[in-house]
2 protein chains.
Amino acid sequence: MVTTVVMTLKQISTRFSIAVHTLSLIAVSPANDCTGDYIAGSVNTNPVIIRRIIGMLKKAGLVDVRPGVGGASLLKRPEEITLLDVYRAVHAAEEKQLFRIHEDSNIDCPVGRNIEQSLQTELLAAQVAMEQRLAQTTLERLIQSFHDQ
Amino acid sequence: MVTTVVMTLKQISTRFSIAVHTLSLIAVSPANDCTGDYIAGSVNTNPVIIRRIIGMLKKAGLVDVRPGVGGASLLKRPEEITLLDVYRAVHAAEEKQLFRIHEDSNIDCPVGRNIEQSLQTELLAAQVAMEQRLAQTTLERLIQSFHDQ
DNA sequence: ACCGTTGTAACCATTCTAGTTCTAACCTAT
DNA sequence: ATAGGTTAGAACTAGAATGGTTACAACGGT
């Protein structure tokens with residue numbers, strides 16, 4: 001018997017990386033130049049994708065956009081914006097957790113009764129470890145790293 | 001204009017938490033009792049889901065299953081199995097990365113040309129931070145934590 | 001030979017992603 | 001005022017992954 005099933009890892013959406021790309025562009029461009037179409041050209045995607053992401057960044061208070069006239073600008077300095085801020089901004093669903101845990105375990109079973117709570121603790125700790133690492137990198141540092149390549 | 005779009009976070013599959021549940025059951029049950037149907041009863045899902053996951057755990061060298069006769073047993077001691085081992089086992093696609101990065105950025109743009117490499121470094125660091133935290137928890141410690149609740 | 005089990009193919013509904021088209025609203029310059 | 005470029009976002013699509021189901025073959029002890 002040979003298995004052919006390939007299961008792939010669920011990955012975090014490119015929304016996040018596109019959002020970082022977008023903010024980097026806004027940071028290094030003169031305000032009025034940085035239109036949705038211009039950003040879309042650099043990211044190489046459809047302008048609506050950029051507008052959707054900019055909408056999230058706006059809700060998170062990271063950018064200001066001028067309807068009509070065009071162009072976006074940062075509401076915080078690049079050294080005040082961390083990758084965690086961006087991560088949170090584009091995953092608008094605030095309190096959702098990275099790890100899903102199956103529900104409705106059988107409470108008549110000693111394992112089923114306890115597993116959810118125990119796992120919750122451990123997986124949350126892993127998520128926090130990741131987020132803390134994201135929080136260590138600012139937009140400014142990321143942009144500076146461009147020059148080192 | 002009012003936005004009604006709700007975007008949700010892409011989460012890591014419950015395969016992972018079900019796999020941990022499964023291994024915990026195998027660890028605390030007499031070998032022959034622990035059939036796929038029994039595990040499915042504790043997890044409260046379809047037995048095929050469990051068989052699929054056990055197949056992955058088998059490939060990862062974590063469990064041994066007896067076809068025909070039934071029942072599964074651990075191939076390592078619970079203190080030798082970490083959550084990271086399980087995480088890797090069920091996400092069979094080993095080297096895939098947690099974070100996706102958009103591709104095909106415009107190389108004529110100074111940001112587009114550099115963002116991928118710079119982000120890659122940072123996001124990988126965040127992923128490693130998470131995985132190291134998972135590696136700190138063994139199956140044994142998890143099972144022991146049941147009693148503390 | 002029977003029966004419960006494992007292994008797995010095949011299929012399905014649901015959800016999310018990333019992209020598209022289209023339209024309305026907005027602002028500035030002419 | 002109006003034309004042109006822009007933002008805002010609704011509505012739709014194709015594709016992929018998840019979690020579940022049914023069905024059936026292979027296995028092995030009784």
Side-chain angles (χ1 to χ4, degrees), chain A residues 1-19 22 26 31-41 43-59 63-73 90-93 96 99-104, chain B residues 1-19 22 31-41 43-59 63-73 90-93 96 100-104:
Chain A
M1 242 181 262
V2 176
T3 310
T4 53
V5 178
V6 173
M7 291 239 181
T8 58
L9 168 62
K10 197 154 206 176
Q11 295 175 288
I12 289 170
S13 163
T14 57
R15 262 203 317 273
F16 178 33
S17 69
I18 294 179
T22 297
I26 296 174
N32 291 19
D33 293 7
C34 213
T35 68
D37 280 24
Y38 172 71
I39 298 170
V43 172
N44 208 9
T45 186
N46 190 295
V48 177
I49 304 294
I50 302 300
R51 292 203 280 262
R52 283 212 275 247
I53 288 171
I54 287 185
M56 293 176 172
L57 298 175
K58 217 169 44 175
K59 269 189 203 161
V63 301
D64 178 47
V65 185
R66 283 182 300 271
V69 55
S73 51
V90 295
H91 289 87
K96 266 216 178 179
F99 295 92
R100 284 185 62 197
I101 298 183
H102 59 290
E103 297 167 351
D104 304 321
Chain B
M1 241 181 263
V2 177
T3 309
T4 51
V5 178
V6 174
M7 292 239 178
T8 58
L9 168 61
K10 197 156 205 175
Q11 295 175 288
I12 289 171
S13 162
T14 57
R15 262 205 315 277
F16 177 34
S17 69
I18 294 179
T22 297
N32 292 19
D33 292 7
C34 211
T35 69
D37 280 25
Y38 172 70
I39 297 170
V43 172
N44 208 10
T45 185
N46 190 294
V48 176
I49 303 294
I50 301 299
R51 283 182 227 151
R52 283 210 276 247
I53 288 171
I54 287 186
M56 294 176 171
L57 298 175
K58 214 168 47 174
K59 269 190 202 160
V63 302
D64 178 47
V65 186
R66 283 180 301 272
V69 55
S73 51
V90 296
H91 289 88
K96 265 219 180 178
R100 283 186 63 197
I101 299 184
H102 59 289
E103 297 167 353
D104 305 319

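Order of the sequence lines sets the chain letters (A, B, ...), proteins ahead of strands, with each chain counted from 1. Side chains included, hydrogens not; waters and symmetry mates left out as well; all remaining heavy atoms used. In this text the structure is predicted, and so the values were computed from the model without any measurement.
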Would you mind reading off the distance between [X] atom [atom1] and [N] atom [atom2], rounded to a whole angstrom?
| X | N | atom1 | atom2 | answer |
| --- | --- | --- | --- | --- |
| A/H102 | D/dG20 | NE2 | P | 10 Å |
| B/N46 | C/dC11 | CG | P | 18 Å |
| A/M56 | D/dG9 | CE | P | 11 Å |
| A/R51 | D/dA10 | CZ | P | 13 Å |
| B/D64 | C/dG7 | CG | C1' | 15 Å |
| A/D33 | D/dT6 | CG | P | 11 Å |
| B/R52 | C/dC11 | CZ | P | 14 Å |
| A/I49 | C/dT21 | CD1 | C1' | 12 Å |

From [options], pick the nucleotide closest to the side chain of [X]?
| X | options | answer |
| --- | --- | --- |
| A/V65 | D/dG20, D/dT7, C/dG7 | D/dT7 |
| B/K58 | D/dA11, C/dC26, C/dG7 | C/dG7 |
| A/R100 | D/dT7, C/dT8, D/dT18 | D/dT18 |
| B/V69 | D/dT22, D/dG29, C/dT17 | D/dG29 |
| A/R15 | D/dT7, C/dT17, C/dA9 | C/dT17 |

So, does A/D104 use its side chain to make a donor-acceptor pair with the main chain of B/N44 at under 3.5 Å?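 No; zero donor-acceptor contacts below 3.5 Å.
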
Go nucleotide by nucleotide along DNA chain C from the 5' end; which of A/G68 and A/V48 gets its closest nucleotide reached first?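 Comparing both residues, the 5'-ward one is A/V48.
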
Comparing A/T35 and B/R66 on DNA chain D - which has the more 5′ nearest nucleotide: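 The 5'-side residue here is A/T35.
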
Atom pair CD (B/E103) and OG1 (A/T45), whose distance is rounded to the nearest 0.5 Å: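 Going from CD on B/E103 over to OG1 on A/T45, the span is 12.5 Å.
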
Spatial distance of atom CD1 (A/I50) from atom OG1 (A/T22) [nearest 0.5 Å]: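 A/I50 CD1 to A/T22 OG1: 4.0 Å, rounded to 0.5 Å.
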
When you check the phosphate oxygens OP1 and OP2 of C/dA18, does a side-chain N or O of A/T14 lie under 4.0 Å from one of them?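 Yes, because at least one side-chain N or O of A/T14 sits under 4.0 Å from OP1 or OP2 of C/dA18.
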
Does B/T45 place a side-chain N or O at less than 4.0 Å from the phosphate oxygens OP1/OP2 of D/dG20?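 Yes, B/T45 has a side-chain N/O under 4.0 Å of OP1/OP2 on D/dG20.
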
Assign A/G55 to base, sugar-phosphate, or nothing according to its heavy-atom contacts below 4.0 angstrom with the strands shown.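 Here A/G55 touches no strand at all.
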
What are the two closest non-hydrogen atoms of A/R66 and A/S73, and how far apart are they?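 Minimum heavy-atom contact is NH1-OG, 4.3 Å.
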
What are the two closest heavy atoms between A/V65 and A/K58, and how far apart are they?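 Shortest heavy-atom separation between A/V65 and A/K58 comes out as CG2-CD, 3.8 Å.
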
